[in-house]
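Only a predicted model underlies this, so the values are computations on that prediction, with no experimental measurement involved. Numbers restart at 1 for each chain; the letters A, B, ... are given by sequence-line order, proteins then strands.
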Protein chains: 2
Amino acid sequence: MTRTPLSDVACSIARATDLFGDAWTALIMRDVLTGIGRFDDLVHDLGVSRKVLAARLSRLVEEGVLARERYQERPPREHYVATAKGAELYPVLLALMNWGDRWYAGEAGPPARIHHLTCEHDTTMVAACAHCGEPLTVDNTTQLPGPGGQIGPGTQVIGPLIASRAGEHPA
Amino acid sequence: MTRTPLSDVACSIARATDLFGDAWTALIMRDVLTGIGRFDDLVHDLGVSRKVLAARLSRLVEEGVLARERYQERPPREHYVATAKGAELYPVLLALMNWGDRWYAGEAGPPARIHHLTCEHDTTMVAACAHCGEPLTVDNTTQLPGPGGQIGPGTQVIGPLIASRAGEHPA
DNA sequence: CTAGCCGAGTTCCCTCAAGAAACTAAAGAT
DNA sequence: ATCTTTAGTTTCTTGAGGGAACTCGGCTAG
């Protein structure tokens, strides 16, 4: 892509997408957050070309999402770990995973489970309202312009914009 | 991209990313979910090239995420609306937006607010555990292989993999 | 009735980025 | 002295994205 300057747009989704809206970046973050931080391990696990991986990693380090850290002195070796900023991308990954599980898991069920150490249950992510804890959905939310600038033409109520019958829930 | 076959991988994030891991797709979904469904409106709102938009839209329709619907008969005009499958991508967008707000909102604050109609508060999304309602974070979760296949090398506990000090929280 | 306009795309050309695979380079290990 | 591991660069080719012009059905205004 020839750098369409999405980051300029007054939209946090656009800003986030400018960094994260790339097939590899999401997968790199998944791996790094699950402990795969070494260059060659990422190459093998993802099947990404070394060139592209190097480019993504340095972008992510530049953005402060990952950090390059020495993990052994002799011989000196570096790997990549998530910063706090990077760790906060975890909900994005959970949301993607949740959606993938719901719509693409085969007969056998989802390929991975999330185990919540706090409550000791296997679980899934719910997009909950920070205020009341109820799920946030397209139908029960509205987007309004915020203090940081108006949000272009997308300033309407989100409502009955779901297709009438198409695409029913899976099993 | 030359179609690296991510959808084959036994990982729901990879599957979701195969479709959604594209700078434009996320923004198209944002627009469609907020009511911008017409071809030319999308071109103008996003600044995407008509060729790429046409390609993305037909892919999204193929995948059952969007539906092409006639919204007036004379003259016949079609626009795009989200299916149920598409509407369920909303949490992904909320998570991206949340992250963008936290890390890229300027002085003025975030460019848009989410208003929860149910509880009547402006709110943000929390990645909550479906079981206990507490937030899911990198530190309090573990990924385990699920019924639908093992998840490659990423089968470790997620834990102290956050960079020691780098990337502290914003204001 | 013919010229113009609108919405929804196609087509064409060009450039730049992704893929593949070989190459480099430092530092042990055998 | 050579081999291996790790972490990248370099080179080359193909193909996807950007930009802009073109198409096409169907109203609508003069």
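Aromatic ring pairs are classed by plane angle as parallel below 30°, tilted from 30° to 60° and perpendicular above 60°; the pair A:His121 and B:His131 is parallel.
In this model, no side-chain donor or acceptor of B:Lys51 finds a partner on the base of C:dG9 within 3.5 Å. One N or O donor and one acceptor, one from the side chain of A:Arg50 and one from the base of D:dG8, sit under 3.5 Å apart.
Going from atom NE2 of A:His79 over to atom C1' of D:dT5 covers 16 Å, rounded to whole Å. Here C:dG28 presents its P atom at 9 Å from CD of A:Gln72, a figure rounded to the nearest Å. For the pair A:Leu46 CG and C:dG19 C1', the interatomic distance rounds to 14 Å; values are reported in whole Å. Taking atom CG on A:Asp45 and atom C1' on D:dA7, their separation rounds to 17 Å, with Å as the unit. C:dG9 atom P lies 12 Å from atom CG of B:Asp41, rounded to whole Å. Rounding to whole angstrom units, CD1 of residue A:Ile36 and C1' of D:dA7 are separated by 17 Å. Here the C1' atom of nucleotide C:dG9 and the CG atom of B:Leu60 are 16 Å apart, to the nearest Å. As a whole-Å value, the separation of B:Asp22 CG from D:dG17 P is 7 Å.
For the residue pair B:Tyr71 and B:Arg38, the shortest heavy atom distance occurs at OH-CD, 3.0 Å. Of all heavy-atom pairs between B:His116 and A:Pro135, the closest is NE2-O, 3.7 Å. The nearest pair of heavy atoms linking B:Gly37 to B:His79 is O-CB, 3.3 Å.
Between A:Arg77 and A:Val48, the residue anchored nearer the 5' end of DNA chain C, judged by the nucleotide with its closest heavy atom, is A:Val48.
Checking D:dT5, D:dC27, D:dG17 against the side-chain heavy atoms of B:Val52 singles out D:dG17 as nearest. You'll find that the side chain of B:Phe39 is closest to C:dG9, out of C:dG7, C:dG9, D:dA7. In the set C:dG7, C:dG28, D:dG18, C:dG7 carries the atom at the smallest distance from any side-chain atom of B:Asp40.
In terms of phosphate contacts, B:Arg74 brings no side-chain nitrogen or oxygen within less than 4.0 Å of OP1 or OP2 of C:dC6. A close approach under 4.0 Å does occur between a side-chain nitrogen or oxygen of A:Trp24 and OP1 or OP2 of C:dG19. Contact annotation: B:Arg56 reaches the phosphate of D:dG17 (side-chain N/O to OP1 or OP2, under 4.0 Å). OP1 or OP2 of C:dG9 lies within a sub-4.0 Å distance of a side-chain N or O belonging to B:Tyr80. Taking side-chain N and O atoms only, B:Arg68 has a distance below 4.0 Å to OP1 or OP2 of C:dG9.
Follow the hydrophobic side-chain contacts under 4.5 Å out from B:Leu60 and you reach A:Trp99 in the same cluster.
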